Amino acid sequence: MAESVDVVLFRAEGDGRAVPILGGPPIDLTAPIPPGIEVLEALDGSAITLDTSAGVPVEVVEAIAATPTPPPFRGSPWLREYRYLLLNDGWCEVAGYVLRYREHFGLLVEEPEPTQQEASAPTRTPMPASRAATTSFDLLTQKWIPVMGTDGRHWSTGIVDLFGQAHAIRRIATEAPTMTAALHRLLLAILHRAYDGPASEAEWSALWKAERLPTGPIAEYAERHRERFDLFHQRLPFMQCPDLAGLDPSSAAKLVPYRAVGNNVTLFDHTTATDTITLSPAEAARWLVTLHAFDPGGMKTPYEKDKSSEQAPCNRFGVVLVEGETLKETLLLNALVYQPGLEKPRMTTEYDRPVWENAPPPPTPDKRVARGWTDLLTWPSRRVLLSAPGDTVDGVVITPGTRLDIRTPDEELMAAFRRPRDNKGRFKADAPMYPVRLHPMRGIWRHSVELLLTDVWEEGRNRQRPVALDQIAELAERGLIPLDTVHTLRVFGQRLDSKGAVVETWLEEQIPAPVPLLRARDETLGALIGTAITLADDAGSALHALQEDHRKEFGSDKTPDIDHYYWPGLSAPFGRFLIGLGAARAAGNSEAPAAQEWARQVRRLAVTAAEGWAKGTPAEGRMAAALGRRYGDFSKRLDRSKRWFEEKVRGYVTKTEDDDA
């Protein structure tokens, strides 16, 4: 059931053309040519939203929403969801109501006179939704978001109190990395809409300098949209589709990826299809938000015939969050300048809004482009309806939702992207940019160049960091953020099976983000970091050769996997390497000591990994002699890599240690 509809008001002309109600060039509503910029400006002034919450009869909204979009609107990303009203002498009739335009009052709806039969008819009682909730759960005030305070305490809070206490909250502390990422995206959308921005760097700075976030805007926003945040609202359930009420719900375990449902057997869960799974409203709300962002693809309960769903958007990349000392800082560090009328951030239109500010979606799946940043942050990738006949959620209907038509590097702002290289190390000019993802074994630190550094000379053609880091660098240049600050990048994701339909594992990693590195405008820093990563790769290759040569000689694959001894230990020393580079840049000192310490750590971890692997490998007779030879070859490779690294470093550091002395 449509709750609102966007329309453009036209005045009918005698020649069959239509003129925007507030004036402008005439338009042929039957021509399939998208309007030009001059016409778009005129249409913008003549566009309104008809909303049942503002008193517009639902019959009127539904009747207009059921009309086709006019041909010239279909080719425009700004107008493709709009309908139109053509007024003759300032009025038209819709669903038995007269809609009349008054210059100083806008569009007025005049109720029809009831017939004698209608006047005497008994009042109709609406049919209850299938297994509908008998209670409400207000996400604005109920305690459903788990957090950890700056003092180490843990508690749960609602949306309004979370913003009011953000300065005293260290971080959101949920049961899954994907949930943490999804909740931050939700809260960023709320921040942008509630605070109507920040519309400029000055507004951002005012919020940053304030001891706490002002509570007035969030309270006003909550009051304006209170109905939309009720998890069990009869007509407007939060992020759900009430028109699914006619379908039989499945187990509530469908919301939780690690719970076994039917054939979706997991290693650590021992529930069966016959077990009854219930969730508290708070748990269900958290998993509902996570579902829209991270649900795997595959077959869902069909609505009519369509049962195939794409992976939810956040499965396509590692979600990058810049973390500060408090949740207030974290939200602001990721809050971009938001001014939809000026297309800020990029690809954001004036029609941008989060999913709860729209009418509940129809049950039929669809496909469209995102209208802007908050639309993308809260993308309705599934049609969902919770079943809660009491005070717990005991079932859920999940069907395919809105498929996202997107070129991800252009529109997704909380991710990093890179262009692949050929065998000679050159960028493949004709290859698309690929998102940076997490790997269960090799750490996200290996993508530090793409995550941290701006692509100065290539203007973002070969790599692209999260947009928040560009903004942080600019704010630091203006003195709004201290130049020696070290933030943290937390990267979230999950690994799916080969079919993209089952969650195999959740992933979260972090690396330091020193502001001096974010501000760097020269490619030598990227080359230095890239060389440090290559050193680690070379040591890893030497370890792999040690293992493979031994396996080939003795025809055995029962030796332990050497990678497990090496790669996981590199994340922490590489983080210290990045912090050392940032400190050197901030102080104007040489980066050489940080590079040399990194080389020592790589060799130490590689040698430790080789020794650990050797202890688990049979070493008797000829095998022991072979291991000795292999280890000697391995040591020589490490020495060659170290000499190569030292030579490269001398060409990349801005000063030598002697200069510092």
Side-chain angles (χ1 to χ4, degrees), residues 177 318 320 323 416 436-452 486 488-495 504-514 517 528-551 559-583 591-617 619 627 630-646 648-649:
V320 182
E323 186 174 65
V436 170
R437 299 172 182 266
L438 293 114
H439 187 279
M441 181 63 63
R442 302 194 178 193
I444 198 69
W445 58 267
R446 298 180 72 253
H447 295 293
S448 294
V449 173
E450 294 90 348
L451 285 166
L452 296 174
V486 179
T488 299
L489 295 192
R490 297 175 69 188
V491 188
F492 306 92
Q494 64 185 10
R495 182 171 182 171
E504 290 187 341
T505 186
W506 292 316
L507 300 164
E508 177 185 350
E509 292 188 43
Q510 63 184 44
I511 63 171
L517 302 191
L528 180 58
I529 294 175
T531 301
I533 294 169
T534 300
L535 176 67
D537 288 343
D538 287 348
S541 296
L543 285 166
H544 190 69
L546 170 65
Q547 175 179 262
E548 288 304 304
D549 289 347
H550 187 77
R551 286 178 174 178
T559 58
D561 189 346
I562 204 166
D563 284 349
H564 289 84
Y565 292 98
Y566 175 65
W567 290 107
L570 288 168
S571 178
F574 192 83
R576 293 192 293 271
F577 167 65
L578 291 177
I579 293 173
L581 290 185
E591 301 94 340
Q596 291 165 358
E597 176 59 24
W598 166 246
R600 283 192 289 270
Q601 293 299 323
V602 169
R603 183 179 183 88
R604 178 184 65 81
L605 288 166
V607 170
T608 301
E611 293 173 349
W613 171 81
K615 288 179 181 178
T617 302
L627 271 178
R630 302 298 180 204
Y631 188 84
D633 294 340
F634 162 72
S635 296
K636 291 176 183 177
R637 288 190 62 168
L638 286 187
D639 290 338
R640 287 196 300 270
S641 295
K642 180 175 180 292
R643 289 194 297 271
W644 170 86
F645 178 71
E646 291 171 344
K648 288 288 186 181
V649 166

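These numbers come from a predicted model, not from an experiment.
Between Glu548 and Ile562, the closest side-chain pair of non-hydrogen atoms is not below 4.5 Å. Taking 4.5 Å as the limit, some side-chain heavy atom of Leu638 sits within range of a side-chain heavy atom of Val607. Contact of the Pro573 side chain with the Leu605 side chain is registered, since non-hydrogen atoms from C-beta on lie closer than 4.5 Å. Residues Trp445 and Leu570 meet the side-chain proximity criterion, which asks for heavy atoms closer than 4.5 Å. Taking the side chain as every heavy atom from C-beta outward, Asp549 and Asp633 never approach each other to under 4.5 Å. Contact annotation: the side chain of Thr531 approaches that of Trp644 to within less than 4.5 Å [non-hydrogen atoms, C-beta and beyond].
In this structure, the side chain of Trp613 does not engage the main chain of Gln547 through any donor-acceptor pair within 3.5 Å.
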For Val491 and Val436: C-alpha separation, side-chain torsions, deciding distance, then whether side chain to side chain contact (heavy atoms under 4.5 Å, CB included) applies. CA-CA 10 Å; Val491 188; Val436 170; 6.0 Å; no
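Separation of atoms CG (Leu546) and CZ (Arg630) is listed at 8.5 Å; rounding is to 0.5 Å. We find the CG-CE distance between Asp561 and Met441 to be 6.0 Å, quoted to the nearest 0.5 Å. In this structure, Gln510 CD and Phe492 CZ are separated by 8.5 Å, a value rounded to the nearest 0.5 Å. Note that CG of Asp639 and CZ of Phe634 are 10.0 Å apart. Values are rounded to the nearest 0.5 Å. In this structure, the separation between CZ on Arg442 and CD on Glu509 is 13.0 Å, given to the nearest 0.5 Å. Atom CD1 of Ile444 is separated from atom CD of Glu450 by 9.0 Å, given to the nearest 0.5 angstrom.
Paired with Glu646 under the rule side chain to side chain donor-acceptor pair (under 3.5 Å), one option of Arg643, Lys648, Lys642 passes, and it is Lys642.
Annotation: salt bridge (charged side-chain N to carboxylate O under 4.0 Å, His left out) contacts involving residues 531-540, sequence neighbours excluded, comprise Arg446-Asp537.
Heavy atoms only, all atoms of each residue included: Ser448 and Ile529 are closest at CB-CG2, 4.2 Å. In plain terms, the two heavy atoms of Arg437 and His447 that are nearest each other are O-CD2, 4.2 Å. Here the shortest heavy-atom pairing between Leu578 and Pro512 reads CD1-O, 3.9 Å. Nearest heavy-atom pair across Leu438 and Gly493 is CD1-N, 3.5 Å. Across all their heavy atoms, Phe577 and Ala532 have their closest contact at CE2-CB, 3.6 Å. The two residues Leu451 and Val320 make their nearest non-hydrogen contact at CD2-CG2, 3.9 Å.
With sequence neighbours excluded, no residue satisfies ring pair (Phe, Tyr, Trp, His ring centres under 6.0 Å) with Tyr566. When the salt bridge (Lys or Arg N to Asp or Glu O under 4.0 Å) test is applied to Arg600, the partners found at least two apart in sequence or on another chain are Glu597.
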